[in-house]
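Labels below follow one simple rule: chain letters A, B, ... track the order of the sequence lines, proteins then strands, and each chain is numbered from 1. From a predicted model like this one, the values you see are computed outputs, not experimental measurements.
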Amino acid sequence: MTSLRTEGLTKAFGGVRAVDGVTVELRDGLINGLIGPNGSGKTTFFNIVTGMIRADAGRVLYRDRDITRHAPHRVAHAGIGRTFQLCRVFPRLTVLENMLVAVRRTRLRELLAGLRDKGEVERARHWLRRMGIEHLEDAEARDLSYGQQKLLELAAVLMAEPDLILLDEPAGGVNPALIDRIAGLVRDLNAEGRTFLVVEHNMELVMGMCDHVIVFDRGAPIAEGPPSVVREDPRVLEAYLGV
Amino acid sequence: MRIASRGIPLLLAALAIAYPWLVPNYYLVYAGALTVMYAAMATSWNLLGGFTGYVSLGHSAFFGLGAYGTGLLVTRLDVPWVVALVVSAVLVTAFAAGVGVAAVRVRGASFVIVSIALVSMMNLVVQGWRSLTGGSTGLQVPSPFPGLHRGQTHMVFFYLFLALLALALLVWWYVSRSRFGAGLRAIREDEDKAESLGVPTGAYKVTAFSLSALFVALAGGLYALWFGSLDPIFVFSILIGSYMVLMSLLGGVRHLFGPLLGALIVAPAGEYFLIALGETQIHLTATGLVLVLVVLFMPDGILARLTRRRAGPSIHDQSADQRLQEVTP
């Protein structure tokens, strides 16, 4: 089944076409990698898909539903979660409060429910345990180390129960031990049925973790396929090495 | 600690209820009622400002509209005062929702400017619409308690404002413990991030904006019934809006009792300056100066200073890798 499909997605900033007619399709249940040189439009692509910026042209479909002009919170309700390139948590909320921000549906009863709602707190603790940061639940997020904040960000995204998770540089700025841990988490979460789209510069990680890799250059995909194939593709080598 | 956090508010509540009977003259009852009115309005302002971080300098618009709405319903339509008060507040809240849809689209300094513009517009409308509002000559509202003398009226309104304050505090407390409140705080911290987690930030902000207008409008309506005469220049002044901001910031916007504490300091100080210096504009300068000092040196307010936990990081210094080494074999 198709998870995410975009058709001719285009966005220009001034005269620069950051994303230029992108048509891609992600299959459900895979870990997809999205790679490309700096400025090739990967983050802009993320921002369009999640509704944070509007495309000039093109369509975004998720599980065959058109979500092109949906506000970000409706994209989230449709089942797409994301993390940010520079990890973003709510610095002056506690770890547990960070977890309880996520809204799955806009229902009055859910919104008026207390923060100490047992079921929700239990769900939050479950994800914090899986990230290995449950001992920090009462700390303010700004007191966490960068690596812990990255784990918290992912845990909070999981609270919204997304089926497709977009990760923007999950290994950026974290140490090798934590990279292994995050890669392991992504594989486990994928095995439980979640689809991933991962923007990452760490090639070793991408090639080792992903089932399918899409390569962007100058705002458009230039190659895609299994990691082993993409790695040998002359167009990819040219885009990266300029040979 | 628990005894202190439960006991002190109860003690203060008892003191507040006894206050009119403890003071030696009606002037102090009047000053008390004024202080409690400001406390209710600042607490209400904090429903928006404290949770979402959207600083409105224009909440006096809702005060003025609540006052004129109540006054006009009583004088022109002969509506009973309680009905006038409630109907007017509901109308102002609906109006605030409409304004909110437009106003909360802009953030930071732009929102402050929009909120100031709102007050100025309301002021001009009310002054200009002479046939309805009496224009700049003001509106006279008959007292709802003609049988009582002036001092007794102060007492009645002291308790009415106290009830309003209790209601505003209760709502703030309830919101702060709800997931809605968590969403509002998330908006303050990082609005786009909150949106990406599924929080309908627009709807949340408009709801907080309207809720915050509601109690200010009720305070305005009570003010109209209490004072009996409305002057558009005063009720739509930036000063009233600035007071709400100053009181909240001074006491601490992140605390239930922050705005109340701020009001207990600022309102009596304002009254004192009025007596000591007469009808000068010095209290305006003083208000501005104190606001600047608070923002510069104590942006989290007095209560944040007092309740700050022990120094140092609130968790033991342990990095993710140290933690990892513990959990990975």
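Residue contact with chain B, scored on non-hydrogen atoms closer than 4.5 Å, is absent for A:Val75. If you measure heavy-atom distances from A:Ala160 to chain B, the contacts under 4.5 Å come from the side chain alone. Using a 4.5 Å cut-off between heavy atoms, A:Tyr146 does not touch chain B at all.
No more than 12 heavy-atom neighbours from other residues, nucleotides or ligands sit within 6.0 angstrom of CZ on B:Arg177. For A:Arg74, the CZ atom is loosely surrounded, since the number of other residues' heavy atoms within 6.0 Å does not exceed 12. Within 6.0 Å of the CD atom in A:Glu204, the count of heavy atoms belonging to other residues, nucleotides or ligands does not exceed 12.
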Verdict with reasoning, A:Val103 to B:Tyr204, per side-chain contact (heavy atoms from CB on, under 4.5 Å): CA-CA 12 Å; A:Val103 174; B:Tyr204 271 43; 3.7 Å; yes
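In this structure, CG in A:Leu166 is found 10.0 Å from OG in B:Ser196, a value given to the nearest 0.5 Å.
Across A:Pro72, A:Ala78, A:Pro176, A:Pro162, the residue that shares the most heavy-atom pairs under 4.5 angstrom with chain B is A:Pro72. In terms of heavy-atom pairs under 4.5 Å with chain B, the best-connected choice from A:Ala71, A:Pro91, A:Ala156 is A:Pro91. Considering only heavy-atom pairs separated by less than 4.5 Å from chain B, the leading option among A:Arg92, A:Glu97, A:Met159, A:Glu153 is A:Arg92.
Here the side chain of A:His73 pairs no donor or acceptor atom with the backbone of B:Leu197 at under 3.5 angstrom.
Residue-level contacts of residues 182-193 of chain B with chain A, in order of numbering, are B:Ala182, B:Arg185, B:Ala186, B:Arg188, B:Glu189, B:Asp190, B:Asp192, B:Lys193; threshold 4.5 Å between heavy atoms.
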